[in-house]
Amino acid sequence: MPSPTSEPVFLCKLDDLEKTGAYNVIVTHQGERFDLMVARDESETVRAYHNVCPHIQTPLETFPHEFLDKSDPDIIICSTHGARFRLSDGKCLSGPCVGQSLTMVTVTLRQEEIFMLPGQPAT
C-alpha cells in the first residue's frame, strides 16, 4: 500500500452511486492498480472495498455497478457463487466464504466527491 503521506485519490462523484447504490472504479496510484466497489449504505455512510470475492478472487459484480441486493441494499452479493456480505463491514454472512471479509479501503467525501485515502488503515 502507498505511504500514509500519499494524497487522496479521486474515485467518483456521489451522484455516480445513485442509479444502483454502488459504483465500480479502477484507479492506478503509485504503480498499484485498485479495482474497487464504492457504495453508500442506508445511513448515508460511504464505504469502499476491493472488488474481489475472498472465495476464488473473482470480481463481485457481473453487470456494471450491480453489487447490492435489490431487496436489502445493505447487502453486497457476489455474482459468482452468491456469497452475501454486509455493506457496513464487508463480513461474509452466507456462501462459500462465510466468516471471511472483503478488504475495506478508507475513503473520504469532499464536496460530493469520493476519494480513497491511500496508506490509511480501514476503519
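Since the model is a prediction, treat every value here as computed from it, not as a measurement. Numbering of residues begins at 1 and proceeds along the displayed sequence.
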- prompt: What distance do C97 atom SG and K91 atom NZ have between them, rounded to the nearest 0.5 Å?
  reply: 11.5 Å

- prompt: Looking at L93, I76, L102, which one forms a side-chain contact (heavy atoms from CB on, under 4.5 Å) with R86?
  reply: L93

message: Checking R47 against V38 for the side chain to side chain contact (heavy atoms under 4.5 Å, CB included) test, could you report, in this order, the C-alpha distance in whole Å, the side-chain angles of both residues, the deciding distance, and whether it holds?
response: CA-CA 6 Å; R47 311 239 184 236; V38 182; over 6 Å; no

- prompt: Cluster question for you: counting only ILVMFWY and a side-chain heavy-atom cut-off of under 4.5 Å, with indirect links fine, are V27 and V105 together?
  reply: yes

query: Looking only at atom types and distance, does a side-chain atom of T20 sit under 3.5 Å from a main-chain N or O of H65, one as donor and one as acceptor?
result: yes

- prompt: Nearest heavy-atom pair of M116 and H29: which atoms, and what distance?
  reply: CE-CB, 4.5 Å

- line: Here the pair of heavy atoms bringing M37 nearest to N51 is N-CB, 4.2 Å

message: Return the CD1 to OH distance between I114 and Y23, rounded to the nearest 0.5 Å.
response: 10.0 Å

query: Would you say the side-chain atoms of D41 pair up with the backbone N or O of T45, donor to acceptor, closer than 3.5 Å?
result: yes

query: Which heavy atom in E42 sits nearest to a heavy atom in D74, and how many Å separate them?
result: N-OD1, 3.2 Å

field: Side-chain donor or acceptor of Y49 paired with backbone N/O of G90 under 3.5 Å
entry: yes

statement: In terms of heavy-atom contacts, V107 and A48 come closest through CG1-CB, 3.5 Å

message: Under a 4.0 Å threshold between the charged nitrogen and the carboxylate oxygen, would D69 count as salt-bridged to R84?
response: yes

message: Are V25 and L109 connected into the same hydrophobic cluster when the rule is that any two of I, L, V, M, F, W, Y join if their side-chain heavy atoms are below 4.5 Å apart?
response: yes

query: Yes or no on side chain to side chain contact (heavy atoms under 4.5 Å, CB included) for L14 and E113, after CA distance, side-chain angles and deciding distance?
result: CA-CA 6 Å; L14 197 56; E113 295 181 330; over 6 Å; no

- line: Closest non-hydrogen atoms of L17 and C12, given as atom of the first, atom of the second and distance, are CD2-SG, 4.4 Å

message: Salt bridge check, D16 against K13: does any charged N sit closer than 4.0 Å to a carboxylate O?
response: no

message: Any non-hydrogen side-chain atom of F67 less than 4.5 Å from a side-chain atom of P73?
response: no

- request: Would you give the length of the straight line joining atom CD1 of I75 to atom OG of S88, rounded to the nearest 0.5 angstrom?
  value: 8.0 Å

task: Quick one: do R40 and E18 satisfy salt bridge (charged side-chain N to carboxylate O under 4.0 Å, His left out)? Show the steps, please.
output: CA-CA 9 Å; R40 184 169 48 180; E18 292 304 315; 2.5 Å; yes

message: So does L60 get a backbone contact from the side chain of S79, meaning a donor-acceptor N/O pair under 3.5 Å?
response: yes

- prompt: If every non-hydrogen atom of G82 is compared with every non-hydrogen atom of I77, which pair is closest and at what distance?
  reply: CA-CG2, 4.2 Å

message: So does L36 get a backbone contact from the side chain of N24, meaning a donor-acceptor N/O pair under 3.5 Å?
response: yes

- line: When rounded to the nearest 0.5 Å, the distance separating CZ of F115 from CG of L11 is 8.5 Å

query: Checking side chain to side chain contact (heavy atoms under 4.5 Å, CB included) for the pair C92/S101: CA distance, chi angles, key distance, verdict?
result: CA-CA 6 Å; C92 183; S101 295; over 6 Å; no

